[in-house]
*Asks:* 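My questions will all concern the structure given below.
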Amino acid sequence: MDGRIGEWALLPPSLPFIHSFIHSSISNHYQQLIVHYFNTDSVLKTIKSIVRQFDKRAANIIPESKDEYHAFSDGKKAADIALDLAKDTLTHRSMEWIGEHGRCIDNLIPQLSTLPHAGNGAFAQRFIAKGDLIAPCPLLQIMDYKYLNIYDYDFDENGNPYLVEGGGGNGEEDEDSGGDSYVEEEEGGEDTRVPIGYQMLYNYCMSHPETSMFMCPQTNVILINHCSPRVSYGGDCVKFNNNPDPSLRGANAEMKWATDWDPDTQEWLKLSLYRMKQKVQTGKRGLSMDIVATRDIYPGEEVFLDYGEAWEEDWKDHVDAWLPPHPEDNYVSIKDLNDDLENHLRLKDDLENDPYPVNAQLACIYWADDDEEIDDSSDLQDDRDWKNDGSKYNTQNSDYKYYGILVGCDVLEMNVTEDSAISITVEIYSKDGMSLWAANEKQRILTDYPVESIVFVPMKYSSDQHITGAFRSYIRIPDAIFPDHWKDMSD
């Protein structure tokens, strides 16, 4: 956990996700940089040394010589290179170190929650006795919850974002970040921007009504849903609340500040918010929670926390005020589109007069073959006809598991065969331009493409979480365990 960015709403997460490496075409960019720009041993060593000053993990993926690069990459597919790059950014620990310092987090597994419409929940994988640790919960501190604000924006004639009239203020929101990039107002200036909502992360963080600091769980603790004896929302929560023994009602877990496994927590609990912010800004973190069983929990039981009465009030207000998007707004839920996919598909030539709903776009399963990828041996002048049979692009193909991604596409032809099957021809769009057919401005056409490999996905910033009025409320830390010297919003 050392070296993680503290105020991570400001920056991309520093821990790698293997699928992010594979699906971002990072291996192609990696090859292009080293082959065409950082193309001498002395330059590579200098770049590696500079990057190490800022991010040791990022420096791990930069070779010190061209020979080291070729030994690492030659003969590998792009996705395999990406996989190895992801592994190189991890801090490797011995089994002895893990045995002494590690904590098991597999007591919880994700499954569909017993609460209606709640999505996934956290379920016990084994028996957990009352008072035992269910899961450790290291926290990353966001020192001002306003970093999670979302502001309305538009673009000027040059494509630059700006706050719409009424937003005001000296700060700006970078729209490409989805709200994750926040530039503060000039020092001493008043921030007069008007937020229109909060980022989705708001729902998964812990805080207290009298502090400006948010603390965000970094383990599978984020799967734990809410239950209390005050209100039953269905599922296992109803079963618990119907128990004649009051001590067995409501949540079966509670949060406590960590002790032995994270000794920094007890020291950080003594810090002022000002001192803590100084540490966070240098990339440190030091607070963790223990999620502890309040009664015996049996395998297969859903685990719940009590989010607090204020959360329940927020949910009630949301339900009472909620209005779905109006049909006149040309909004159709992604689920409804995919449930009746074949009747919603349209040919590319028809989209100008009969477009898809404003919140939806078409996507197809695809992965690049070796002869499509651009590397240091590629001949960029490629005159091939990039029209091929597309029947292999399905979820049963072994390549799908490791290399398959969703990319933008359009339907060019759609016919019903004699046996009533649907024959589809699609055009695939390059995700990043790092394919030979994209570099040569050729159409990538796939015939006999499987209809089950086509899906509607949300347009950027148009999924349910971005709908105006989407529910936002944080998990309340009980006042009994919250330090008084962190209450900077008491007034």
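Here, residue 1 is the first one in the sequence, and each next residue gets the next number. Note that the structure is a prediction, hence the values are computed from the model and not measured.
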*Asks:* Check whether Asn203 reaches the backbone of Phe471 with its side chain - one donor and one acceptor, N or O, closer than 3.5 Å.
*Replies:* yes
*Asks:* Just to verify, which of Thr395, Asn397, Asn394, Val407 counts as forming a side-chain contact (heavy atoms from CB on, under 4.5 Å) with Ile365?
*Replies:* Thr395
*Asks:* Report yes or no: do Ser473 and Asp314 form a side-chain donor-acceptor pair below 3.5 Å?
*Replies:* yes
*Asks:* Can you say whether the rings of Trp311 and Tyr307 are parallel (under 30°), tilted (30 to 60°) or perpendicular (over 60°)?
*Replies:* perpendicular
*Asks:* Can you check whether Gln218 reaches Cys137 side chain to side chain, under 4.5 Å on heavy atoms?
*Replies:* no
*Asks:* Please answer whether the main-chain N or O of Phe240 pairs with a side-chain N or O of Arg249 as donor and acceptor at a distance below 3.5 Å.
*Replies:* no
*Asks:* Is Asp479 paired with Lys487 through a side-chain N to carboxylate O contact shorter than 4.0 Å?
*Replies:* yes
*Asks:* Is there side-chain contact between Lys316 and Val319, with heavy atoms separated by less than 4.5 Å?
*Replies:* no
*Asks:* Taking NZ, NE, NH1 and NH2 as the nitrogens, is one of them in Asp264 or Lys284 under 4.0 Å from a carboxylate oxygen of the other?
*Replies:* no
*Asks:* Decide whether Thr259 and Gln266 meet the rule of one side-chain donor and one side-chain acceptor closer than 3.5 Å.
*Replies:* no
*Asks:* Looking only at side-chain N and O atoms, does Ser113 offer a donor or acceptor that is under 3.5 Å from a partner on Asn225?
*Replies:* yes
*Asks:* Say you draw a straight line from CH2 of Trp486 to OG of Ser272; how long is it, rounded to the nearest 0.5 Å?
*Replies:* 10.5 Å
*Asks:* Would you say the side-chain atoms of Ser212 pair up with the backbone N or O of Asp144, donor to acceptor, closer than 3.5 Å?
*Replies:* no
*Asks:* Decide yes or no for Met213 and Tyr145: does some side-chain heavy atom of the first lie under 4.5 Å from some side-chain heavy atom of the second?
*Replies:* no
*Asks:* With heavy-atom distances below 4.5 Å as the criterion, would you say the side chains of Val426 and Leu412 are in contact?
*Replies:* no
*Asks:* Going through the checks in order, is the side chain to side chain donor-acceptor pair (under 3.5 Å) test met by Asp290 and Trp261?
*Replies:* CA-CA 10 Å; Asp290 285 341; Trp261 68 271; 2.6 Å; yes
*Asks:* Work out which heavy atom in Glu302 is nearest to a heavy atom in Thr114; give both atom names and the distance.
*Replies:* OE1-OG1, 2.6 Å
*Asks:* Can you list the steps and then say if Met143 with Val280 is a side chain to side chain contact (heavy atoms under 4.5 Å, CB included)?
*Replies:* CA-CA 8 Å; Met143 297 310 301; Val280 166; 4.0 Å; yes
*Asks:* For the atom pair CG (Asn220) and CD1 (Ile224), what is the distance rounded to the nearest 0.5 Å?
*Replies:* 7.5 Å
*Asks:* Can you find a side-chain donor-acceptor pair between Asp340 and Asn343 that sits under 3.5 Å?
*Replies:* yes
*Asks:* Under the disulfide bond (SG atoms under 2.5 Å apart) test, which residues partner Cys237, sequence neighbours left out?
*Replies:* Cys227
*Asks:* When you measure from the side chain of Ser232 to the backbone of Val238, do you find a donor-acceptor pair of N or O atoms at a distance under 3.5 Å?
*Replies:* no
*Asks:* Taking Gln125 for its side chain and Asp106 for its backbone only, find out whether a donor-acceptor pair lies under 3.5 Å.
*Replies:* yes
*Asks:* Nearest 0.5 Å, please: how far is NZ in Lys270 from CE in Met276?
*Replies:* 13.0 Å
*Asks:* Less than 4.5 Å apart, side chain to side chain, heavy atoms only: is that true for Ile454 and Leu362?
*Replies:* yes
*Asks:* Would you kindly check if the NZ (Lys) or CZ (Arg) of Arg126 is within the cone defined by 45 degrees around the ring axis of Tyr298 and under 6.0 Å from the six-membered ring centre?
*Replies:* no
*Asks:* Can you tell me how far CG of Asp410 sits from CD of Gln361, rounded to the nearest 0.5 angstrom?
*Replies:* 10.0 Å
*Asks:* Would you say Tyr429 has more than 12 foreign heavy atoms packed within less than 6.0 Å of its OH?
*Replies:* yes
*Asks:* Where is the tightest heavy-atom contact between Asp306 and Gly308, given as atom of each residue plus distance?
*Replies:* OD1-N, 2.9 Å
*Asks:* With a 6.0 Å cut-off on the ring centroids, do Trp257 and Phe482 count as close?
*Replies:* no
*Asks:* Give a yes or no answer on whether the side chain of Asn252 reaches the backbone of Phe304 with a donor-acceptor pair at less than 3.5 Å.
*Replies:* yes
*Asks:* If I compare all heavy atoms of Leu112 with all of Gly119, which pair ends up nearest, and what's the gap?
*Replies:* CD1-O, 3.5 Å
*Asks:* Please walk me through it: do Leu406 and Cys364 pass side chain to side chain contact (heavy atoms under 4.5 Å, CB included)?
*Replies:* CA-CA 5 Å; Leu406 287 174; Cys364 294; 5.9 Å; no
*Asks:* I'd like to know whether the aromatic ring centres of Phe456 and Tyr356 sit less than 6.0 Å apart in this structure.
*Replies:* yes
*Asks:* Under 3.5 Å, is there a donor-acceptor pair between the side chain of Thr265 and the main chain of Ser288?
*Replies:* yes
*Asks:* Do Arg476's NZ or CZ and the ring of Tyr474 fall within the cation-pi criteria of under 6.0 Å and 45°?
*Replies:* yes
*Asks:* Return yes if some donor-acceptor pair links the side-chain N/O of Asp236 with the main-chain N/O of Lys239 below 3.5 Å, else return no.
*Replies:* no
*Asks:* If you look at every heavy atom in Pro138 and Thr219, which pair is closest and at what distance?
*Replies:* CD-CG2, 3.4 Å
*Asks:* Within the 3.5 Å criterion, strictly below it, is a donor on Asn149 or Tyr147 matched to an acceptor on the partner's side chain?
*Replies:* no
*Asks:* Passes side chain to side chain contact (heavy atoms under 4.5 Å, CB included), Ser207 versus Ile477? Steps please.
*Replies:* CA-CA 6 Å; Ser207 190; Ile477 297 175; 5.6 Å; no
*Asks:* How close do Asp262 and Gly286 get, heavy atom to heavy atom, and via which atoms?
*Replies:* OD2-O, 4.4 Å
*Asks:* With a 4.5 Å heavy-atom cut-off, do His226 and Leu305 have their side chains touching?
*Replies:* no
*Asks:* State, with a plain yes or no, whether a side-chain heavy atom of Val411 is found less than 4.5 Å away from one of Arg346.
*Replies:* no
*Asks:* Rounded to the nearest 0.5 Å, how far apart are NE2 of His208 and OG1 of Thr211?
*Replies:* 8.5 Å
*Asks:* Calculate, to the nearest 0.5 Å, the distance between atoms CG and CG belonging to Asp488 and Leu273 respectively.
*Replies:* 5.0 Å
*Asks:* Quick one, Met206 and Leu139 - any side-chain contact, counting heavy atoms below 4.5 Å?
*Replies:* yes
*Asks:* If you look at every heavy atom in Asn107 and Ile134, which pair is closest and at what distance?
*Replies:* ND2-O, 3.1 Å
*Asks:* Using side chain to side chain contact (heavy atoms under 4.5 Å, CB included), reason through Leu446 and Ile428 one step at a time and then give a plain yes or no.
*Replies:* CA-CA 8 Å; Leu446 299 175; Ile428 297 292; 3.7 Å; yes
